[in-house]
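The structure appears below as structure tokens.
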Amino acid sequence: MTRLLALGCYAMLLMPGFLQVALCYFFSSQVRRSIVYGDQPRNRLDLYLPANSDGKKPVVVFVTGGAWIIGYKAWGSLLGLQLAERDIIVACVDYRNFPQGTISDMVKDASEGISYICNNIADYGGDPNRIYLMGQSAGAHISSCALLEQAIKESKKEESISWSVSQIKAYFGLSGGYNLINLVDHFDNRGLYRSIFLSIMEGEESLHQFSPELKVKDPSNMNAVSLLPPITLFHGTADYSIPSDASKIFVDALQKAGAQAELILYDGKTHTDLFLQDPLRGGKDELFDLLVAVIHAGDKEALEKDAMASPRKRLVPEILLKLARNISPF
């Protein structure tokens, strides 16, 4: 009950920013909502399109978080709107949540959403040769599972592959957990009780299957790991929802397996600082600027525009952001 009350107060303090984002989400002509990508419930995605339609744009496929229970595509609207201002298309993929689905359904949905973008984004002005995959929190776990599962399929030369890992230029994981066995007790202590978590993950026997870190360490997946794109993980050191060690250990495993992987830690940042409070603050944002720089690397004209871009608009007063951070249940 204490955490529920804290969540309510946290949302109220950030409401000035949420309302501005919601207005753009529902009324902007640059947002294409609920595009159908599959035949299951919640197989929908939102597209955030740049105002400038000249030339093919790079694309970020984003899988939102939500503890595998309350994930929703609109949670990525702030990121989508801000990246669209930099001439980057963002596709926020929705997926079935528990109890409507379990982890295999979520990974399947994410993979189908990625497939839709890879095969159809050119129709919306996107460049199919410049697609980036990103996930946050539970979405980082789900999207990394989908990416690694696809790489394993390709390494085994399985048929019926609708998209290829080679189409993903880079993967960005934000505040994610990649070894479920190490997180069961932590989540239980945080309120995501063991029985519920194991139901989401289809039982204790499935924790290994849906732990990307453990799959990467498996020698039988060495060929699959070699197919992975460059991977960058971001994590705040004050993240109590998913400890930053989760990203550190995963990067170590990737590097030992021969993958190109990098970890960027943000000292004192919480689970929501990087994804919510910092973007709502506006102005300079190290993580946002890094994402844009990687996506626009090699595009001299885009980099010049980025250098001249106006600072991002502040959406929430600083005092409210500080209060929200102090009572955040995350």
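Here, residue 1 is the first one in the sequence, and each next residue gets the next number. Basis for what follows: all heavy atoms, side chains included, without hydrogens, waters or symmetry-related copies.
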State whether the number of non-hydrogen atoms from other residues, nucleotides or ligands found under 6.0 Å of [X] atom [atom1] is greater than 12.
| X | atom1 | answer |
| --- | --- | --- |
| R32 | CZ | no |
| E301 | CD | no |
| I319 | CD1 | no |
| D267 | CG | no |
| M12 | CE | no |

Applying the ring-ring contact (aromatic ring centres under 6.0 Å, His included) criterion to F197, which one of F98, F210, F187 satisfies it?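 The single option meeting the ring-ring contact (aromatic ring centres under 6.0 Å, His included) with F197 is F187.
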Is there side-chain contact between [X] and [Y], with heavy atoms separated by less than 4.5 Å?
| X | Y | result |
| --- | --- | --- |
| L287 | Y266 | yes |
| I295 | Y132 | yes |
| C9 | L323 | no |
| V216 | F250 | yes |
| L147 | L228 | yes |
| K169 | L133 | no |
| S206 | I103 | no |
| N43 | E112 | yes |

Could you tell me which residues satisfy side-chain hydrogen bond (donor to acceptor under 3.5 Å, both in side chains) with [X], sequence neighbours excluded, listed by chain and number?
| X | result |
| --- | --- |
| S175 | none |
| R96 | Q40, D109 |
| K73 | Y25, S34, D46 |
| Y193 | none |

Any residue meeting salt bridge (Lys or Arg N to Asp or Glu O under 4.0 Å) with [X], in chain and number order, not counting sequence neighbours:
| X | answer |
| --- | --- |
| D245 | none |
| K269 | D278 |
| R130 | D127, D299 |

Count I, L, V, M, F, W, Y as connected when their side-chain heavy atoms are under 4.5 Å apart, and connections chain through other members. Are [X] and [Y] then in the same cluster?
| X | Y | value |
| --- | --- | --- |
| F62 | L274 | yes |
| I200 | V107 | yes |
| L290 | M134 | yes |

dist N182:CG -> S211:OG (nearest 0.5 Å) comes out at 8.0 Å
One should read off an interatomic distance between S247 OG and E213 CD, to the nearest 0.5 angstrom, of 10.0 Å
Considering all heavy atoms of both residues, which atom of [X] and which atom of [Y] are nearest to each other, and what is their separation?
| X | Y | value |
| --- | --- | --- |
| C118 | I131 | CA-CD1, 3.7 Å |
| S155 | L227 | N-CD1, 3.9 Å |
| I242 | A246 | CG2-CB, 3.9 Å |
| L148 | P212 | CD2-O, 3.6 Å |
| G135 | Y171 | N-OH, 4.3 Å |
| A122 | K56 | O-NZ, 2.9 Å |

Step by step, would you call D87 with K57 a salt bridge (charged side-chain N to carboxylate O under 4.0 Å, His left out)? CA-CA 7 Å; D87 270 0; K57 311 295 185 185; 3.5 Å; yes
Using the salt bridge (charged side-chain N to carboxylate O under 4.0 Å, His left out) rule, collect all pairs that involve residues 192-211, keeping only residues at least two apart or in two chains. D185-R194, R194-E204
Could you list all the ring pair (Phe, Tyr, Trp, His ring centres under 6.0 Å) pairs where at least one residue sits in residues 31-59, not counting sequence neighbours? none
Would you mind listing every ring pair (Phe, Tyr, Trp, His ring centres under 6.0 Å) that reaches into residues 309-330, with sequence neighbours excluded?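 For residues 309-330, and leaving out neighbouring residues, the ring pair (Phe, Tyr, Trp, His ring centres under 6.0 Å) pairs sorted by first residue read Y10-F330.
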Step by step, work out the side-chain contact (heavy atoms from CB on, under 4.5 Å) result for I89 and V60. CA-CA 6 Å; I89 294 175; V60 172; over 6 Å; no
I would like to know whether D94 and T64 meet side-chain contact (heavy atoms from CB on, under 4.5 Å); could you show each step before the answer? CA-CA 8 Å; D94 211 358; T64 64; 5.6 Å; no
Please tabulate, for the side chains in residues 78-85, all donor-acceptor contacts under 3.5 angstrom to protein atoms that are two or more places apart in sequence or on a different chain.
unit_1	atom_1	unit_2	atom_2	d
Q82	OE1	R312	NH1	2.4
Q82	NE2	P279	O	3.3

Is there a donor-acceptor pair under 3.5 Å between the side chain of [X] and the backbone N or O of [Y]?
| X | Y | result |
| --- | --- | --- |
| N97 | Y95 | yes |
| S137 | G176 | no |
| S115 | S111 | no |
| H186 | Y240 | yes |
| T270 | D273 | yes |
| Q20 | L315 | yes |

For V93 and I114, what are the C-alpha separation, side-chain angles and deciding distance, and is it a side-chain contact (heavy atoms from CB on, under 4.5 Å)? CA-CA 8 Å; V93 178; I114 297 166; 5.6 Å; no
Measure the acute angle between the ring planes of F234 and F172, then classify it against the limits of 30° and 60° as parallel, tilted or perpendicular. tilted
Applying side-chain contact (heavy atoms from CB on, under 4.5 Å) between K215 and each of N221, V225, N179, report the one that passes. N221
If we ignore angles and hydrogens, is there a donor and acceptor under 3.5 Å between the side chains of [X] and [Y]?
| X | Y | answer |
| --- | --- | --- |
| W68 | T102 | no |
| T272 | Q277 | yes |
| E154 | S164 | yes |
| H235 | S244 | no |

Q100 and M106: side-chain contact (heavy atoms from CB on, under 4.5 Å), yes or no, with the steps? CA-CA 10 Å; Q100 191 175 37; M106 301 176 202; over 6 Å; no
Anything under 3.5 Å between a donor and an acceptor, one on a side chain of residues 252-263, the other on a protein residue two or more places apart or in another chain? List them.
unit_1	atom_1	unit_2	atom_2	d
Q255	NE2	A261	O	2.8

